[in-house]
K.L.:
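Have a look at the structure that comes next, please.
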Amino acid sequence: MTTLYIKNMVCNRCIMVVENELGKLGLKTKYVRLGEAALENELSVTEREKLKDILISLGFALIDDKKGKIIEKIKNTIIPLGH
């Protein structure tokens, strides 16, 4: 399993968009939620780069560093409380 951390996901529509794009790439997901997607398999370098480019074009970004992941988890815990 591979867990991806994704920046700028703030609502259910973001979840649907990311889930749709992962499906278009043929990537099988276990789940997609705010700021996070779990894939059943590991990503190849090519798949990761392609996904990264697609996410950027949609206003999202893959988070690779530990500090960024922690910040995104905190934000995604707080966002639902504001709704």
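The structure presented is a predicted model; accordingly, all values stated were derived computationally and were not measured.
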K.L.:
Taking side chain to side chain donor-acceptor pair (under 3.5 Å) as the test, write out the residues that go with E42, two or more places apart.
P.N.:
T2

K.L.:
Would you indicate whether the side-chain heavy atoms of M9 and V18 approach each other to under 4.5 Å?
P.N.:
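Touching, per the 4.5 Å side-chain cut-off.
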
K.L.:
Test of understanding: clusters of I, L, V, M, F, W, Y form through side-chain heavy atoms closer than 4.5 Å, transitively. Do I63 and L51 belong to the same one?
P.N.:
no

K.L.:
How far does CG of L58 sit from SG of C14, to the nearest 0.5 angstrom?
P.N.:
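Interatomic distance, L58 CG to C14 SG, rounded to 0.5 Å: 10.0 Å.
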
K.L.:
Please determine if D64 and R48 form a salt bridge, counting it only when a charged side-chain N lies under 4.0 Å from a carboxylate O.
P.N.:
yes

K.L.:
Answer whether the closest heavy-atom distance between the side chains of L43 and L4 falls below 4.5 Å.
P.N.:
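Contact flag for L43/L4 side chains = yes.
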
K.L.:
Could you walk me through whether E47 and L25 pass the side chain to side chain contact (heavy atoms under 4.5 Å, CB included) check?
P.N.:
CA-CA 8 Å; E47 288 171 327; L25 291 173; over 6 Å; no

K.L.:
Counting neighbours of CG on D65 that are heavy atoms of other residues, nucleotides or ligands and sit closer than 6.0 Å, is the number greater than 12?
P.N.:
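Check passes, neighbour count above 12.
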
K.L.:
Measuring from atom CG of L34 to atom CG of N12, what distance do you get when rounded to the nearest 0.5 angstrom?
P.N.:
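Answer for the CG-CG pair, L34 versus N12, is 7.0 Å.
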
K.L.:
Are any of the side-chain heavy atoms of L22 and V32 separated by less than 4.5 Å?
P.N.:
yes

K.L.:
So L62 and Y5, side chain to side chain contact (heavy atoms under 4.5 Å, CB included) or not? Walk me through it.
P.N.:
CA-CA 6 Å; L62 284 179; Y5 295 92; over 6 Å; no

K.L.:
Nearest heavy-atom pair of F60 and I6: which atoms, and what distance?
P.N.:
CB-CG2, 3.8 Å

K.L.:
Taking all atoms of both residues into account, what is the closest heavy-atom pair of L55 and A61, and its distance?
P.N.:
CB-N, 4.4 Å

K.L.:
Which pairs count as side chain to side chain donor-acceptor pair (under 3.5 Å) when at least one residue sits in residues 17-36, sequence neighbours excluded?
P.N.:
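Residue pairs with at least one partner in residues 17-36: E21-K24, Y31-R33, Y31-E36, R33-E36.
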
K.L.:
Under a single-linkage definition using a 4.5 Å side-chain heavy-atom cutoff for Ile, Leu, Val, Met, Phe, Trp and Tyr, are I54 and I15 assigned to the same hydrophobic cluster?
P.N.:
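Looking at the clustering, I15 is in the same group as I54.
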
